[in-house]
Engineer: 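After the structure tokens below, expect a handful of questions from me.
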Amino acid sequence: MTSTAQVRPDGPDAPAGRPQHLRHVVFIATAAAMGGFLFGYDSSVINGAVEGIRGRFDIASGVLAQIIAAALIGAAIGAATAGRLADRIGRIRVMQIAAVLFALSAVGSMLPFTMWDLAFWRTLGGVAIGMASVIAPAYIAEVAPAEYRGRLASFQQAAIVLGIAVSQLVNWGVLNLADGEQRGSLLGVEAWQLMLGIEVVPALLYGLLTLRIPESPRHLVAQGRTDEARAVLADVEARGSDLDARIAEIRERMRGERRPSLRDLLGGRFGLLPVVWVGIGLSLFQQLVGINVIFYYSASLWQSVGIDPGSSFLYSFTTSIINIVGTVIAMLLVDRIGRRPLALTGSAGMALSLGAAAWAFSYKSGTGDDITLPDLQGTVALVAAHSFVLFFALSWGVVVWVMLGEMFPNRIRAAALGIAAGAQWVANWLITVTFPSLSDWNLSGAYVIYTVFAALSIPFVLKFVPETRGRALEEMG
């Protein structure tokens, strides 16, 4: 844990209304968001290994999809358990557990004996992904000052998209070293194995970074470690803040509360509290638009419509760059124009882009290795895929993680976030495991389905999603 003596102030002239140690606050959010980097890296690195795994184990599309989606089952488990575990042992300890699981998964996935132990290691990595998906936004929301919370919480999504881009770049580099063959030999293993194993490097970095950031002040107050909580608040709150008043406010909110459980989430007309259903809905729509088809299968997708392997990896990387650009736009706007306007803009843009892609893919012709798209439709498909990623990144990619970290009342935040994130991983699994079969059946039809969900997200936001910009966490509920 970083003590106040180790933190360097911005200086005596630091303006009121901003944290006295703003650089330290940014470092804390960045370190926590490293879990998001691994989340993105682990989710996307499999994209470069799909065809290598298929060839190594000689498996059909259905079984291959199960291996790829195994991580998502683990992620649902990790997301559902991380909240309560964090309330028991602290946010930092859960981050460290996730770092260890990421590292073990990377080594195991690089050296599988059969497709089944590969699935096991992918599932273990998924547990780490699920933990990171819950802990990072909750921790950042609890540490960040209200006026900076949206931008700092968006670090999570920025780290996710950076992890996706880096994994694509690493895959492309490994593929080139292996002369374009996923099963080419490198360092005594096949290229696809090395792609999966390299993840051990950021996993170790994540673990080291967690040793340099403080525990959440809310968790410290809950554990009776008031002096430590005051020291953390002194670093992250605005200059001149009444720290004793802030601690009293946190303690007052916690008074009479017990550890959140599923029972605490019950009470609405349909079982769960309405705010929990809204969180689940946000999570479901974020995945049901099919965004992870791009990141899990894009190389295979482009090859399936006649694009050569080298170009397909390049297009996978360019979509990752677009993802980063869109995320930066969202980070700049999320605290300026609010969460709802961004979500609505993204929904409309995604629906149009997905509809264009569905139209283009309907012109796919040929069979086997001789599949093509006409030049016009091929161009439309590429532009539509990139614009879809852009609209997702500047809206739902950031907004959902920001809102899940701040929309729930204090007494149920960790448990509700775990349920919502768990639902997200179940939806992610559903999309991932069904895409190969849907693609074989009708690629255009698959994109029509994603278009419908993008369109349905618009009335969902208008009717059910509240604006949380500028509200203190203690006001939620």
Engineer: Looking at CG of N428 and CG of N292, how far apart are the two atoms once the value is rounded to the nearest 0.5 Å?
Structural biologist: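 One finds 4.0 Å between CG of N428 and CG of N292.
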
Engineer: Is there a side-chain contact between V170 and Y41 in this structure, where contact means two heavy atoms from C-beta onward sitting under 4.5 Å apart?
Structural biologist: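 In short, these two side chains touch, coming nearer than 4.5 Å.
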
Engineer: Measure the spacing between CG of L233 and CZ of R218 and express it to the nearest 0.5 Å.
Structural biologist: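 Output value for this atom pair is 8.0 Å.
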
Engineer: Can a donor-acceptor pair be found, under 3.5 Å and without considering hydrogens, that links the side chain of R91 to the backbone of S216?
Structural biologist: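 Between the backbone of S216 and the side chain of R91 there is no qualifying donor-acceptor contact (under 3.5 Å).
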
Engineer: Side chains of L209 and F27: closer than 4.5 Å at any heavy-atom pair?
Structural biologist: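 Yes, their side chains come closer than 4.5 Å.
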
Engineer: Under the rule for ring-ring contact (aromatic ring centres under 6.0 Å, His included), what residues qualify as partners of F464, not counting sequence neighbours?
Structural biologist: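 Applying ring-ring contact (aromatic ring centres under 6.0 Å, His included) to F464 gives F460.
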
Engineer: Should L118 and L196 count as side-chain neighbours, where that means a heavy-atom distance under 4.5 Å?
Structural biologist: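 The answer is yes, as the side chains (C-beta and beyond) meet within the 4.5 Å cut-off.
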
Engineer: Check I140 against A29 and note the closest heavy-atom contact, atom names and distance.
Structural biologist: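 That closest heavy-atom pairing would be CD1-O, 3.8 Å.
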
Engineer: Evaluate V276 against I280 for side chain to side chain contact (heavy atoms under 4.5 Å, CB included), listing each step before the verdict.
Structural biologist: CA-CA 6 Å; V276 179; I280 291 172; 4.1 Å; yes

Engineer: How long is the gap from CG on L342 to CD1 on I329, to the nearest 0.5 Å?
Structural biologist: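 So the CG of L342 and the CD1 of I329 are separated by 10.0 Å.
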
Engineer: side-chain hydrogen bond (donor to acceptor under 3.5 Å, both in side chains) between D117 and T114: does it pass, once the steps are laid out?
Structural biologist: CA-CA 6 Å; D117 68 290; T114 68; 3.0 Å; yes

Engineer: If every non-hydrogen atom of A393 is compared with every non-hydrogen atom of A330, which pair is closest and at what distance?
Structural biologist: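 Smallest heavy-atom distance, with atoms named: O-CB, 3.8 Å.
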
Engineer: Can you tell me if CZ on R93 sees more than 12 non-hydrogen neighbours from other groups inside 6.0 Å?
Structural biologist: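 Counting neighbours around CZ of R93, 12 or fewer heavy atoms of other residues, nucleotides or ligands fall under 6.0 Å, so no.
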
Engineer: Is there side-chain contact between V143 and V25, with at least one heavy-atom pair below 4.5 Å?
Structural biologist: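 No, too far: nothing below the 4.5 Å cut-off.
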
Engineer: With respect to I97, which candidate in T210, L85, V127 satisfies the side chain to side chain contact (heavy atoms under 4.5 Å, CB included) definition?
Structural biologist: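 Between I97 and the candidates, side chain to side chain contact (heavy atoms under 4.5 Å, CB included) is satisfied uniquely by L85.
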
Engineer: Would you say that P112 contacts Q193 through its side chain, given a criterion of any heavy-atom pair below 4.5 Å between the two side chains?
Structural biologist: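 Counting from C-beta outward, P112 and Q193 do come under 4.5 Å.
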
Engineer: So which heavy atom on A103 is nearest to which on A203, and how close?
Structural biologist: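 Between these two residues, the closest heavy atoms are N-CB, 3.7 Å.
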
Engineer: With sequence neighbours excluded, tell me which residues meet side chain to side chain donor-acceptor pair (under 3.5 Å) with Q286.
Structural biologist: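 Expected list: Q424.
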
Engineer: Any side-chain heavy atom of I160 sitting closer than 4.5 Å to one from T327?
Structural biologist: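 With C-beta onward as the side chain, the pair stays apart.
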
Engineer: Salt bridge or not for E215 and R225, using N-O below 4.0 Å?
Structural biologist: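 Salt bridge absent between E215 and R225.
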
Engineer: Side-chain contact, heavy-atom cut-off 4.5 Å: I46 with W192?
Structural biologist: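 No. Closest side-chain heavy atoms not under 4.5 Å.
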
Engineer: Can you name the closest pair of heavy atoms from F39 and I129 and give their distance?
Structural biologist: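 Closest heavy-atom pair between F39 and I129: CD2-CG2, 3.6 Å.
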
Engineer: May I have the list of side-chain donor-acceptor pairs in residues 66-76 shorter than 3.5 Å, sequence neighbours left out?
Structural biologist:
none

Engineer: Dump the intermediate steps for side chain to side chain contact (heavy atoms under 4.5 Å, CB included) on I53 and M115, then the final yes or no.
Structural biologist: CA-CA 8 Å; I53 294 170; M115 62 182 177; 6.0 Å; no

Engineer: Working to the nearest 0.5 Å, report the span between CG of L456 and CZ of F453.
Structural biologist: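 So the CG of L456 and the CZ of F453 are separated by 7.0 Å.
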
Engineer: Give, for atom CZ of R339 and atom CG of L333, the distance between the pair rounded to the nearest 0.5 Å.
Structural biologist: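 It comes to 11.5 Å.
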
Engineer: Return each pair, listed once, that meets side chain to side chain donor-acceptor pair (under 3.5 Å) where at least one residue sits in residues 341-352; pairs must be two or more places apart or across chains.
Structural biologist: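 Matches after skipping sequence neighbours: S347-W396, S347-S457.
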
Engineer: Please report the interatomic distance CE(M95) to CE(M131), rounded to the nearest 0.5 Å.
Structural biologist: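 Interatomic distance, M95 CE to M131 CE, rounded to 0.5 Å: 12.5 Å.
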
Engineer: Can you name the ring-ring contact (aromatic ring centres under 6.0 Å, His included) partners of Y450, sequence neighbours left out?
Structural biologist: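 Checked Y450 against ring-ring contact (aromatic ring centres under 6.0 Å, His included); matches are Y447.
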
Engineer: Donor-acceptor pair, distance only, cut-off 3.5 Å: does the side chain of S105 make one with the backbone of F102?
Structural biologist: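 Not a single qualifying donor-acceptor pair exists.
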
Engineer: Do the side chain of E467 and the main chain of R340 share a donor and acceptor less than 3.5 angstrom apart?
Structural biologist: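 Yes; at least one donor-acceptor contact below 3.5 Å.
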
Engineer: One pair to check against side chain to side chain contact (heavy atoms under 4.5 Å, CB included): L211 and Q96. What are the steps and the verdict?
Structural biologist: CA-CA 9 Å; L211 301 176; Q96 292 166 350; 3.5 Å; yes

Engineer: Verify side chain to side chain contact (heavy atoms under 4.5 Å, CB included) between T319 and F388, making sure each step is shown before the conclusion.
Structural biologist: CA-CA 9 Å; T319 56; F388 166 53; over 6 Å; no

Engineer: Can you list everything that forms a salt bridge (charged side-chain N to carboxylate O under 4.0 Å, His left out) with R122? Sequence neighbours excluded, please.
Structural biologist: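 Salt bridge (charged side-chain N to carboxylate O under 4.0 Å, His left out) list for R122, sorted by chain: D42.
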
Engineer: Is there a donor-acceptor pair closer than 3.5 Å between any side-chain N or O of S437 and the backbone N or O of T434?
Structural biologist: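 Absent.
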
Engineer: Taking the side chain as everything from C-beta on, heavy atoms only, tell me whether F285 gets closer than 4.5 Å to V461.
Structural biologist: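 No - every pair of side-chain heavy atoms lies 4.5 Å or more apart.
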
Engineer: Write down the atom of F408, the atom of G279, and the distance for their closest heavy-atom approach.
Structural biologist: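 Nearest heavy atoms, F408 then G279: CZ-CA, 4.1 Å.
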
Engineer: Which heavy atom in S320 sits nearest to a heavy atom in A165, and how many Å separate them?
Structural biologist: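 Looks like CB-CA, 3.4 Å.
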
Engineer: Would you find a donor on one side and an acceptor on the other, under 3.5 Å apart, between the side chain of S109 and the backbone of A106?
Structural biologist: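 Flag not set: sc S109 to bb A106 has no pair under 3.5 Å.
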
Engineer: Is it the case that the side chain of T451 and the backbone of G355 share a donor-acceptor pair, with hydrogens and angles ignored and the cut-off at 3.5 Å?
Structural biologist: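 Looks like yes, one N/O pair under 3.5 Å.
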
Engineer: Are R183 and E190 ion-paired here, with the side-chain N under 4.0 Å from a carboxylate O?
Structural biologist: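 Counted as a salt bridge, because a side-chain N and a carboxylate O are separated by less than 4.0 Å.
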
